[in-house]
Protein chains: 2
Amino acid sequence: MNRELIEITDPYDERIAPYRDIRERDLVGRQGLFIAEGRVVLNVLFSTSRFRAQSLFLRDNRVQGARDLLERVPADIPVYVAGGEIMDEIAGFNIHRGIIAVGERCSSQTAEELLDSLPENALVVALSAIANHDNMGAIFRNAAAFGADAVLLDSDCCDPLYRKAIRVSVGAALKVPFAQAGKAQEMTALLHARGFDVLAMTPQGERDVSEVSLGPRTALLLGAEGPGLDSGLLEQWPTVKISMREDFDSLNVATASAIALHHIWLKR
Amino acid sequence: MNRELIEITDPYDERIAPYRDIRERDLVGRQGLFIAEGRVVLNVLFSTSRFRAQSLFLRDNRVQGARDLLERVPADIPVYVAGGEIMDEIAGFNIHRGIIAVGERCSSQTAEELLDSLPENALVVALSAIANHDNMGAIFRNAAAFGADAVLLDSDCCDPLYRKAIRVSVGAALKVPFAQAGKAQEMTALLHARGFDVLAMTPQGERDVSEVSLGPRTALLLGAEGPGLDSGLLEQWPTVKISMREDFDSLNVATASAIALHHIWLKR
């Protein structure tokens with residue numbers, strides 16, 4: 001392996017500043033950057049990702065195991081290496097995965113631009129008020145598994161490029177195109193205007209998701225667990241449910257997305 | 001409300017000893033007891049649970065909001081109350097839910113006894129090497145939602161009554177009967193002997209789970225994400241998959257359980 005590795009011995013080295021105090025930065029934000037961790041996610045970042053990496057940072061004992069990955073890293077992306085203690089001191093906690101990258105958010109596409117770029121028979125997952133990063137990551141994972149073309153987020157959703165959301169998505173948050181689309185009402189109106197049949201998921205839906213017949217373009221609309229979708233949205237759009245025992249309250253929202261997306265996958 | 005509340009003012013009061021250092025005890029075990037937290041889970045514990053509570057512990061500012069719950073608590077179960085600071089000192093961290101109970105594991109049923117207690121047309125979820133408590137809890141939640149009659153666990157599975165597993169299951173771990181069933185080979189042999197068609201889930205399955213025709217008794221067999229089911233098991237039993245994009249590795253195991261269980265629910 002003749003890849004140049006830049007050894008870091010000073011935890012205050014300015015070159016690795018974006019890796020400093022990772023958890024604190026999760027809370028305050030990263031101004032156009034994001035953190036991706038672990039081999040599976042980084043394989044996505046350096047292959048099918050929509051985003052560009054800024055640098056890669058490896059624990060010294062992970063260099064051997066990361067050979068395949070390093071072959072994919074463009075020559076102009078610096079690769080930093082440090083011992084475990086220094087790496088943990090920089091990050092502010094024990095980075096047991098030992099393999100981490102900083103990526104750059106691209107200049108964000110509008111929801112209109114994103115929808116205009118999609119094929120005739122597109123499938124979109126539209127999210128309203130999904131505020132939990134685990135759920136956000138899991139929904140992206142499911143969207144990727146079942147071939148959704150894009151995810152739209154209303155203004156009450158959390159960030160799919162938050163560190164934990166990327167991790168839970170096993171990299172799908174870097175791959176499936178997404179865009180912010182204002183309030184939920186605006187988002188669904190836009191989808192409708194672009195020829196999408198909006199299907200609003202709710203435990204009180206009119207039909208089971210297995211019984212839906214699909215038009216050319218489908219948008220699956222999901223709201224937060226607990227409150228669910230706003231009643232205005234449920235009045236405006238056809239509703240679908242996942243049939244289940246009547247004495248059971250409801251499923252996790254990411255789980256519901258997977259069940260619905262698999263049924264849609266089988267019909268497309 | 002005339003329910004007697006026992007005020008705790010001394011964090012070293014022996015009556016609340018099972019609530020002490022909750023996280024440390026998560027690791028070392030609780031000798032026949034378990035911890036259940038939050039209103040939704042405690043509603044299950046005091047209604048449809050298979051297990052008996054030993055006591056209930058409320059933060060003083062939660063007493064009003066817990067009225068409905070308190071009406072369900074049997075008269076011989078002590079209800080302790082403390083201020084937030086004392087409660088947090090006892091528990092060893094910030095109990096923001098402020099409502100928590102200790103339950104008693106019943107003398108455990110064998111897998112044979114459990115299977116013998118099930119109806120003719122039973123559905124069982126059989127788990128091999130599910131070692132992650134989030135996944136375990138989520139699988140129980142899905143099993144409850146789609147009417148599984150029982151869960152069998154092989155000897156490599158983690159404990160469904162671990163605190164986090166109960167929480168993620170939203171109480172389903174207290175409700176859906178489960179039993180340990182030895183090694184995975186023994187578990188599946190037992191299911192077969194009791195008339196169950198074993199369906200082994202794997203990304204390389206022969207048929208999509210939507211295409212399966214069900215016999216009277218079905219056992220859905222799931223293994224850990226990553227390694228998946230042991231190849232011996234996959235050779236021995238019919239396999240089913242969840243169709244998805246070919247370039248995507250696989251789903252989370254709990255998500256896979258939900259998709260399969262919903263298809264089975266629609267066919268039963």
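Chain naming here is simple, since letters A, B, ... match the order of the sequence lines and numbering starts at 1 in each. These values consider heavy atoms only, across backbone and side chains, with no hydrogens, waters or symmetry-generated copies.
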### Task
With a 4.5 Å heavy-atom cut-off (strictly below), which parts of residues 256-268 of chain B touch chain A? List them by number.
B:A258, B:I259, B:H262, B:H263, B:W265, B:L266
### Message
Is B:D208 in contact with chain A via its backbone, its side chain, both, or neither, using a 4.5 Å heavy-atom distance?
### Response
side chain
### Query
Quick one: CG on A:L251 to CZ on B:F146, what's the gap to the nearest 0.5 Å?
4.5 Å
### Task
Give the member of B:A138, B:A144, B:G171 that has the highest number of heavy-atom pairs under 4.5 Å with chain A.
B:A144
#### Entry: Option that, when pairs with chain B are counted at under 4.5 Å, heavy atom only, ranks first among A:A254, A:G147, A:A172, A:S243
A:S243
### Which atoms of B:V168 approach chain A - backbone, side chain, both or neither, heavy atom under 4.5 Å
neither
### Message
For A:E24, I'd like to know if atom CD has over 12 heavy atoms of other residues, nucleotides or ligands within 6.0 Å.
### Response
yes
